[in-house]
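For reference, the structure is listed below as structure tokens.
To find a chain, count down the sequence lines: A is the first, B the second, and so on, and within it residues start at 1.
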2 protein chains.
Amino acid sequence: MREGQLDLVFSALADPTRRGMLEQLADGETNVGTLAEPHDMSQPAVSKHLRVLERAGLIQRTRSGREHRIRIDPRPIDAASTWIGRYARFWKQQFDAVDAYLEAHAKKTGKNPGKRPKR
Amino acid sequence: MREGQLDLVFSALADPTRRGMLEQLADGETNVGTLAEPHDMSQPAVSKHLRVLERAGLIQRTRSGREHRIRIDPRPIDAASTWIGRYARFWKQQFDAVDAYLEAHAKKTGKNPGKRPKR
DNA sequence: ACCATATATAACCCTTTGGTTATGCGTGAG
DNA sequence: CTCACGCATAACCAAAGGGTTATATATGGT
């Protein structure tokens with residue numbers, strides 16, 4: 001995945017309306033109108049959100065008559081999950097390590113524990 | 001984690017400069033200047049990015065003399081990882097199910113499903 | 001006391017975002 | 001054919017984002 005694609009995915013996920021739409025879509029593909037119902041905003045606003053999700057590659061669209069069927073494409077979110085998961089695990093380890101260090105050396109004050117090993 | 005906090009975390013992660021800073025911080029805590037070096041921008045710009053990361057809860061800051069020591073707080077990204085991971089897994093299942101359906105159908109009809117590239 | 005260093009804040013600029021209303025365009029129904 | 005429906009697009013607006021330069025604040029060094 002291109003670096004810029006990660007930007008698009010994360011910024012798409014940064015909006016609660018769009019996260020809500022993705023949650024709806026987790027129940028299966030649907031059309032734009034159905035997707036719009038739970039969200040208190042105009043139809044063009046919904047259309048814009050869908051365009052953002054589409055640009056991020058998070059959804060795919062197929063025209064079926066006058067309806068547009070929308071479904072999730074899990075690949076970009078899988079990639080984002082991989083990126084974020086790598087650091088989540090790594091940082092959690094660090095966090096735990098620092099916790100342990102601080103507790104163990106609670107009395108030895110102020111000195112910089114120093115940089116921890118590279119990956 | 002509050003709903004709005006997820007907004008902050010994802011939008012903080014949406015910027016490559018900030019993701020870069022988080023990667024730097026994965027090597028251990030450091031000060032603002034060191035954090036700024038790899039990024040070709042003014043010092044105030046760096047300061048702004050740090051404020052964004054701080055508001056999202058992704059970093060913590062301690063003043064040590066005139067330096068600010070910055071370190072990661074893994075908790076919000078862990079929460080985000082949980083959220084995204086839940087859907088990543090779910091959607092992957094759906095995706096695989098559709099794949100399986102298309103392949104099975106292709107076998108029956110002898111036609112190439114052809115729409116989905118293999119990952 | 002003075003100057004340099006580390007960082008933040010202010011003021012400004014342009015672009016993007018998220019919303020609106022109005023309109024257009026293709027499709028299905030009668 | 002005509003009309004309603006499902007959706008997109010256009011034009012507009014206010015607010016937020018990401019950058020800049022200039023300035024302020026606090027600490028450290030001499």
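Within the 4.5 Å cutoff, no side-chain heavy atoms of B/I59 are placed close to those of B/D73. Side-chain contact between B/R71 and B/T30: absent, with no pair of heavy atoms (C-beta onward) separated by less than 4.5 Å.
We find that CG of A/L50 is positioned 15 Å from P of D/dG6, with the value rounded to whole Å. One can place CZ of B/R55 at 10 Å from P of D/dA16, the figure rounded to the nearest angstrom. One interatomic measurement links the two molecules: CZ of A/F10 to C1' of C/dT16, which rounds to 20 Å at whole-angstrom precision. Residue B/M21 contributes atom CE, which lies 13 Å from atom C1' of C/dT7 at whole-angstrom precision. The distance between atom CD1 of A/I59 and atom C1' of D/dC7, rounded to the nearest whole Å, is 13 Å. Rounded to an integer number of Å, the gap from CG of A/D7 to P of C/dT16 is 13 Å. Spacing between atom CZ of B/R51 and atom C1' of D/dG19 amounts to 14 Å, rounded to whole angstrom units. At whole-Å resolution of the value, CE in B/M41 and P in D/dG18 are 10 Å apart.
Mapping A/Q43 and A/T17 onto DNA chain C via the closest heavy atom, the residue that lands nearer the 5' end is A/T17. Position along DNA chain C of the nearest nucleotide to B/E67 versus A/R18 favours B/E67 as the more 5'-ward residue.
Relative to the side chain of B/A45, the nucleotides D/dG18, C/dT9, D/dT20 differ in distance, and D/dT20 lies closest. In the set D/dA22, C/dG18, D/dG6, the nucleotide with an atom closest to the side chain of B/P44 is D/dA22. Considering only side-chain atoms of A/H68, the nucleotide from D/dC7, D/dA22, C/dT20 that sits closest is D/dC7. Nearest to the side-chain atoms of B/V32 among the listed nucleotides C/dT7, C/dG19, D/dC7 stands C/dT7. Candidate nucleotides D/dA4, D/dT20, C/dT5 were compared by shortest atom distance to the side chain of A/R66, and D/dA4 ranks first.
Within the structure, every side-chain polar atom (N or O) of A/S42 is placed at least 4.0 Å from both OP1 and OP2 of C/dG19. Residue B/H49 has a polar side-chain atom (N or O) positioned under 4.0 Å from OP1 or OP2 of D/dG19. Taking only side-chain nitrogens and oxygens, B/R63 never comes nearer than 4.0 Å to OP1 or OP2 of D/dT27.
Here A/R69 lies out of heavy-atom contact (under 4.0 Å) with every strand.
B/T34 and B/N31 are linked by a side-chain donor-acceptor pair at a separation below 3.5 angstrom, with hydrogens and angles left out of the test.
Nearest approach of A/T17 to A/D15, heavy atoms of both residues: N-OD1, 2.8 Å.
At distances below 3.5 Å, at least one donor-acceptor pair connects side-chain atoms of B/R18 with backbone N or O atoms of B/S11.
Put simply, the side chain of B/K48 and the base of D/dG17 share no donor and acceptor less than 3.5 Å apart.
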